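See structure below.
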Amino acid sequence: MDITIALTGASGNMGMETLRQIMEIDSVTKVKALFLNQPRERRYARKVKRLYKGRLEAIYGNIADMEKCRELVKDADYVLHLAAVIPPLADHKPKETDECNRVGTINIVNAVSEIKDKQPSLVHISTVAIYGNRNYKHPWGRVGDPLISSVFDEYSASKIKGERAVLDSDIRRWVVLRQTGILHSRMLTNNMKDGLMFHTCFNAPIEWVTARDSGLLMKHLVMKDAAGELGEEFWRKCYNIGGGARNRVTGYDTFDEGFKIIGGSTEKFMKPQWNSLRNFHCMWFEDSDVLNDYLDFQREDVKDYWQEILRKHSYYRIAKLFPAGLIRKLAIERLLKDENAPRKWIASNETARVKAFFGSGDNLQCMPSDWKDFPVLAKGELADGYIDYDDMRDINKVEENGYRLSHGYDESKPDCELDIEDMRAAAEFRGGRCLSESMTKGDLYTKLEWECHDGHRFFASPYAVLKAGHWCPECCQPQPWDYDRLSKFMPFYAQVWYDTHAREENNVYYFDRDHIARYAKISSREV
Ligand SMILES: [Zn+2]
């Protein structure tokens, strides 16, 4: 069987590995890849074209152009949709982010959906960022958990909308893969350019995966499905991509491993008050083994990755010769003045962002400059005591330790037993109602009508609501970021929102995409 693959995002971190590894499949006779018509993309396209010759068809254009999307997916067996504008670029270019991540995905979905005969299977890459912020209170998560975009994070907001378009579509075979933080070869250099590195909370739970393992996942998906080994039950579902147990760390250990290769450490190179206290994303996936059981891709871990970086960039070793204070000053401290750095927002009195990332000016005053005064979760330290960190990381104790979030219906029931009563329970937990009076028991894909607490009515499948964490497309998809108010009505959100927000907070966060001005208003609506 000859396989044709349509690929978006081929020049991205996951895309490059995906292209390289799907080309290793002999039966893949053609890959149609969409490249932006820009010098950097053209250079990359020429390079891979020399490598793969006639097997690679380069199409130049923008994913926001529907005609280009039609041209791309035509005659494809699989559409691997990886294109996305990601941070840090997403933080600086919100309009382009929305255009690619939301509009582009809607275009891909529509272009696939238009093909009625021999419709390609769509693999959509989503992101862990749609789950929003986590800390030690709920470090573990899984598919079905609430989707809460971090305030001012246009990336996650646009990705929630893009993913929703896939779930709402009539495409026969789709799958949504929510990608976690990727360890890729350009990570160190990219992060040493932007204040984004200070958005990472030191105590945030993070489960990494390497770019190479992510490419392997895509290769195995195509190979196994084409060989009929995947089974139809794999499709029409959402999965989390994570690297597994060895890749579950925190922000603090991530910096630490990275700095070690240049002879430093988090504590030598950074100060606790540089990084935000909340409003980040990432978590440990309780269910990353589900996708690995299907696709067998978890090979590498964080330590392998940094060792490889050191092999590739041996000049990093020279850094060991310099005193830590000098490296901190030259390489890192200068980034504190970057537009995307929290210390810069504090200095320039950007109240809205300070509120979103720190809570209040008072919290800022408490941020210590000395590590001995800062509780490090990876050492089992909390602000008011200690926690058994190994016990917290034990995947077998997630439920026992109270880390598993409720999805608002009886999850002990098999899917084929789910009925309208379960829909009503789930709707109530989300502060609304299921308006449809009946459903076919176990049918998770025929859309039902729902109403949120604000009275917005919408159609969504039981799968999208109960299994994938989506809800009202009007009030639950920013902007504005209105979760302080939403959580007052929605126990589904409240169970995690108040882990890092005070119940007295009443902010609605707005974002002027044209001027990148961010502002917060105290909610004036009745609650
Ligand atoms: Zn609503």
Side-chain angles (χ1 to χ4, degrees), residues 98 101-103 105-106 109 126 129-133 143-169 176 238 356 405-409 420 422-437 439 444-498 501 503 505-511 513 519-527:
D98 181 69
N101 302 356
R102 180 181 65 85
V103 179
T105 302
I106 291 171
V109 163
S126 184
I130 65 178
Y131 296 113
N133 192 65
V143 171
D145 281 359
L147 308 183
I148 300 181
S149 161
S150 283
V151 172
F152 299 136
D153 182 22
E154 187 62 29
Y155 173 59
S156 59
S158 60
K159 290 297 281 185
I160 292 175
K161 293 166 200 161
E163 183 185 300
R164 181 63 171 265
V166 178
L167 284 157
D168 282 349
S169 77
V176 169
C238 301
L405 296 180
S406 170
H407 294 171
Y409 67 97
I420 197 74
D422 301 290
M423 305 304 126
R424 287 182 189 134
E428 196 186 325
F429 194 57
R430 288 150 181 79
R433 296 191 296 152
C434 179
L435 298 176
S436 299
E437 286 178 1
M439 67 176 274
L444 297 189
Y445 295 98
T446 302
K447 286 180 190 165
L448 304 176
E449 191 176 18
W450 313 80
E451 186 181 72
C452 79
H453 67 279
D454 273 345
H456 304 129
R457 293 183 168 194
F458 59 95
F459 287 87
S461 69
Y463 186 88
V465 173
L466 275 68
K467 299 284 179 179
H470 286 269
W471 185 237
C472 176
E474 280 193 58
C475 57
C476 298
Q477 295 184 356
Q479 66 170 341
W481 285 262
D482 198 14
Y483 298 105
D484 282 343
R485 192 181 66 86
L486 291 169
S487 298
K488 293 186 168 64
F489 298 98
M490 298 174 59
F492 186 50
Y493 284 1
Q495 62 183 329
V496 62
W497 184 251
Y498 294 129
H501 294 80
R503 285 176 191 268
E505 286 182 68
N506 250 328
N507 299 307
V508 195
Y509 296 92
Y510 296 87
F511 188 179
R513 289 191 179 93
Y519 50 99
K521 282 185 193 168
I522 299 296
S523 179
S524 56
R525 274 174 282 191
E526 285 290 314
V527 291

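All of these numbers come straight from a predicted model, not from anything done at the bench. Computed over heavy atoms, backbone and side chain alike; hydrogens, waters and symmetry mates excluded. When a ligand or atom number is given, it counts from 1 through the structure's own listing order.
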Please find the N/O/S atom of H456 nearest to the Zn ion (ligand 1) and write down its name.
ND1
Indicate yes or no: at least one non-hydrogen side-chain atom of Y510 is less than 4.5 angstrom from one of K521.
yes
In terms of relative ring orientation, are Y445 and Y463 parallel, tilted or perpendicular, with 30° and 60° separating the classes?
parallel
Which word best sums up how the rings of F489 and H453 line up, parallel for under 30°, tilted for 30 to 60°, or perpendicular for over 60°?
parallel
How wide is the angle at the Zn ion (ligand 1) spanned by C475 SG and C472 SG, rounded to 10 degrees?
110°
Check the angle between the aromatic planes of F458 and W450 and answer parallel, tilted or perpendicular using the 30° and 60° thresholds.
parallel
N, O or S from C476 under 2.8 Å to the Zn ion (ligand 1)
no
Is the Zn ion (ligand 1) less than 2.8 Å from an N/O/S atom of H453, whether that atom is in the backbone or a side chain?
no
